[in-house]
Amino acid sequence: MKKLLLIYMLLAGCGAVYAQKYLVDDADTKLKEACAKQQIDMMKLNEAWRNIQDAMASEKSVNYHETYNVAAKIRNVQLVQLYDNGQRTGQLDTLRYFDGLKEILGYYYIYERLIHTPNAKGKLPMKEAEIKAAHILTQQSAAPIRLNMLRGGSSVIHSHAKKGLEYIDAYLKSFDEPLFSEMKLNETDTLKTAGYLYYGMGLKHLAQNWEDTLKYLEYYEKTLETPAYAAYSCVELMNNYKTHGDMLNWEKYCKYALEHFPDDQQYAKLLIAQYMNDERIDDAVKMCETMEKMFPQEIFPLETRALITFNDKKYEESVELFKKLSELDPTYGRAWCSLGTSYYQLALKNSGNMNLRKEYLNKAIPAFKKAEEVAPDEPDLWGYYLYHCYEALPTPDKVNMAKYKKYDTKM
């Protein structure tokens, strides 16, 4: 009796194993038959796919490693057909194609886990050498697909944000998959930052509130160490924080951009303008000085610092700065006008001292005359001041007063 029971148990075990393998083996056979000729037998291929779907739904074969190996093979042939038909007709169903690739990648992951998973008795499904060979082959098949997930996601992220996010998510998650562990993707795959950038773009398309915005800004933050994307990401971060009124973070990323992209003037200019707007005059002056060192031929920071100095009624200092500005660009009418105005203010400041007043007016007049020379079509720069300089001389110059009388109204 005991002997019969043992035989029965062995037969039952064999039956379970047979049932486990039958649908999968049958699907594999039909796949080979479908691909036996130059023209794919789509009927056979579809039969193979139905069988493998049944195998994946069956308790007896859902954890059988070959189920997913064969599933990946069948889906690969189906996708090749889909791609070829799309190329021929010019109407490739892009989403269906990349959905299929994502599905195959998932099968490879399951297959990889199952061939390394021992059964209840602690036994692996294959010999060690066979597992190693299967692992290498699976890795070689899966590696191009994970990159295609990034390509697919980036290509549809603006038109189908949710799908794009799915594909890029599959790419990003591949970095932690055991299948690719020895490839050391975090060190060797230089496209990861691109994945972060496009993932951020996808989240941006779906963002509805500030909390959503913060989520996608996290991905832009991850790209800042990559020169190819950092400038774009900095602008995104700056614009979003400024729109939200978070000027501390706006300033943080503007300074980051200034430090990392020293050839681009816009960040220094933005900081100076913002400091002026916030009446942080000392910070504006310091940034002007920084920008002057970075861009010694640039007019903007020197002129801004000179105007700040002038508005602070430090006319002696503003004279020196406007002199420097006029030397930097002798054709810049506003530089000569500002130099003349600084001298004119010094003349007014020393109106009680006849000699000093005359000295400063005699310096102001040539500056205004130079402004007239380089900007003859802009009399608002020099006309009013020339009239009043000639008028304010100890002995008014009536000839020149008559010449510039028509400008005796500030424009």
Participant: Can you check side-chain contact (heavy atoms from CB on, under 4.5 Å) on L302 and C288, steps first, answer last?
Facilitator: CA-CA 7 Å; L302 178 59; C288 284; over 6 Å; no

Participant: Cut-off 3.5 Å, no hydrogens considered: what does the side-chain donor-acceptor table look like for residues 319-326, sequence neighbours left out?
Facilitator:
residue: S326; atom: OG; partner: F322; partner atom: O; Å: 3.3
residue: S326; atom: OG; partner: K323; partner atom: O; Å: 2.7

Participant: Is it possible for you to check whether R146 lies under 6.0 Å from the centre of the six-membered ring of F180, through NZ or CZ, and within 45° of that ring's axis?
Facilitator: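 Ring-cation test returns yes.
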
Participant: Regarding Q53 and R50, do their side chains bring together a donor and an acceptor under 3.5 Å, going by distance alone?
Facilitator: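 Q53 vs R50: no donor-acceptor pair found between side chains.
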
Participant: Can you confirm whether Y267 sits close enough to V235 that some side-chain heavy atom of one is under 4.5 Å from a side-chain heavy atom of the other?
Facilitator: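 The answer is yes, as the side chains (C-beta and beyond) meet within the 4.5 Å cut-off.
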
Participant: Check this for me, if you would: do K370 and E373 make a salt bridge, where the nitrogen-to-carboxylate-oxygen distance has to be below 4.0 angstrom?
Facilitator: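 Yes, K370 and E373 are salt-bridged.
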
Participant: Does the side chain of I52 reach to within under 4.5 Å of the side chain of L23, using non-hydrogen atoms?
Facilitator: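 The answer is no; the side chains never approach within 4.5 Å.
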
Participant: Can you spot which of F368, W382, Y384 makes a ring pair (Phe, Tyr, Trp, His ring centres under 6.0 Å) with Y407?
Facilitator: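 It is W382; the other options fail the test.
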
Participant: Dump the intermediate steps for ring pair (Phe, Tyr, Trp, His ring centres under 6.0 Å) on Y111 and Y107, then the final yes or no.
Facilitator: CA-CA 6 Å; Y111 177 69; Y107 293 149; over 10 Å; no

Participant: Hey, could you give me the CE/CD distance between M294 and Q265, rounded to the nearest 0.5 Å?
Facilitator: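 Rounded to the nearest 0.5 Å, the CE-CD separation comes to 9.0 Å.
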
Participant: Taking the basic N atoms (NZ, or NE/NH1/NH2) and the acidic carboxylate oxygens, is any pair closer than 4.0 Å for D283 and R280?
Facilitator: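 Counted as a salt bridge, because a side-chain N and a carboxylate O are separated by less than 4.0 Å.
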
Participant: So, D41 and K30, do they make that salt bridge, N to O below 4.0 Å?
Facilitator: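 No salt bridge links D41 with K30.
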
Participant: Would you compute the distance between atom CG of L217 and atom CG of N249 and round it to the nearest 0.5 angstrom?
Facilitator: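 One gets 9.0 Å once the value is rounded to the nearest 0.5 Å.
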
Participant: Check this for me: does any side-chain nitrogen of one of E359 and K363 sit under 4.0 Å from a carboxylate oxygen of the other?
Facilitator: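 Salt bridge present between E359 and K363.
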
Participant: Can K102 be said to sit on top of Y167's aromatic six-ring, NZ or CZ under 6.0 Å from centre and within 45° of the ring axis?
Facilitator: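 No cation-pi geometry.
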
Participant: Let's go through Y404 and D408 carefully: what are the C-alpha distance in whole Å and the side-chain angles of both, what is the deciding distance for side-chain contact (heavy atoms from CB on, under 4.5 Å) to 0.1 Å, and is it a yes or a no?
Facilitator: CA-CA 7 Å; Y404 293 102; D408 186 19; over 6 Å; no

Participant: Is any side-chain heavy atom of M276 less than 4.5 Å from a side-chain heavy atom of I308?
Facilitator: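 Counting from C-beta outward, M276 and I308 do come under 4.5 Å.
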
Participant: Is it true that the NZ or CZ of K349 lies under 6.0 Å from the centre of Y315's six-membered ring and within 45 degrees of the ring axis?
Facilitator: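 Negative - K349 is either too far from the ring of Y315 or too far off its axis.
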
Participant: Is the shortest heavy-atom distance from the side chain of D212 to the side chain of L206 under 4.5 Å?
Facilitator: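 No, every pair of side-chain atoms sits at 4.5 Å or beyond.
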
Participant: So for atom NE2, which belongs to H160, do other residues, nucleotides or ligands contribute more than 12 heavy atoms lying within a distance under 6.0 Å?
Facilitator: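 No, not enclosed.
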
Participant: For a quick check under 3.5 Å, do E66 and N69 share a side-chain donor-acceptor pair by atom type?
Facilitator: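 Result is yes, a qualifying pair exists.
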
Participant: Provide the closest heavy-atom pair for H205 versus I157 in the form atom of the first, atom of the second, distance.
Facilitator: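 Looks like CD2-O, 3.4 Å.
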
Participant: Thinking salt bridges, do R334 and E303 make one under a 4.0 Å N-O criterion?
Facilitator: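 Not counted as a salt bridge, because no side-chain N and carboxylate O are separated by less than 4.0 Å.
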
Participant: Between L214 and Y241, is there a side-chain heavy-atom distance shorter than 4.5 Å?
Facilitator: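 Sidechains of L214 and Y241: in contact.
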
Participant: Taking atom OH of Y83 as the centre, report whether more than 12 heavy atoms of other residues, nucleotides or ligands fall under 6.0 Å from it.
Facilitator: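 Not buried by this count: 12 neighbours or fewer within 6.0 Å.
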
Participant: Would Y256 and E251 count as a side-chain hydrogen bond (donor to acceptor under 3.5 Å, both in side chains) if you check the C-alpha gap in whole Å, the side-chain angles of each, and the deciding distance to 0.1 Å?
Facilitator: CA-CA 8 Å; Y256 180 94; E251 183 176 347; over 6 Å; no

Participant: In the structure I gave you, are the side-chain heavy atoms of C254 and M238 within less than 4.5 Å of one another anywhere?
Facilitator: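 Yes; the side chains approach each other to less than 4.5 Å.
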
Participant: Are the charged groups of K215 and E218 less than 4.0 angstrom apart, N to O?
Facilitator: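 Salt bridge: no.
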
Participant: With side chains defined as the heavy atoms from C-beta onward, is the minimum distance between D169 and Y199 less than 4.5 Å?
Facilitator: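 Yes, side chains in contact.
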
Participant: Considering only heavy atoms from C-beta outward, does the side chain of K252 approach that of L248 to under 4.5 Å?
Facilitator: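 A side-chain contact under 4.5 Å is absent here.
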
Participant: So with a 6.0 Å cut-off around CD of E279, is the heavy-atom count from everything else above 12?
Facilitator: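 Atom CD in E279 is not crowded, with 12 or fewer foreign heavy atoms closer than 6.0 Å.
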
Participant: Less than 4.0 Å between a side-chain N and a carboxylate O, is that true for R305 and E317?
Facilitator: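 The answer is no: the pair does not qualify as a salt bridge.
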
Participant: Can you establish whether the number of heavy atoms outside K269 located under 6.0 Å from its atom NZ is more than 12?
Facilitator: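 More than 12 within 6.0 Å, yes.
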
Participant: Could you go through Y64 and Y68, starting from their C-alpha distance and side-chain angles, then the distance that decides it, and tell me whether this counts as ring pair (Phe, Tyr, Trp, His ring centres under 6.0 Å)?
Facilitator: CA-CA 8 Å; Y64 177 42; Y68 301 94; 9.1 Å; no

Participant: Can you list, pair by pair, the side-chain donor-acceptor contacts under 3.5 Å of residues 340-348, counting residues two or more places apart and other chains?
Facilitator:
residue: T341; atom: OG1; partner: C337; partner atom: O; Å: 2.7
residue: S342; atom: OG; partner: S318; partner atom: OG; Å: 2.9
residue: S342; atom: OG; partner: S338; partner atom: O; Å: 3.0

Participant: Between W210 and H244, what is the ring plane arrangement, given parallel below 30°, perpendicular above 60°, and tilted in between?
Facilitator: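 Correct class here is parallel.
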
Participant: Answer with yes or no whether the side chains of E47 and N51 bring together a donor and an acceptor at under 3.5 Å.
Facilitator: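 Distance-only check fails for N51 and E47.
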
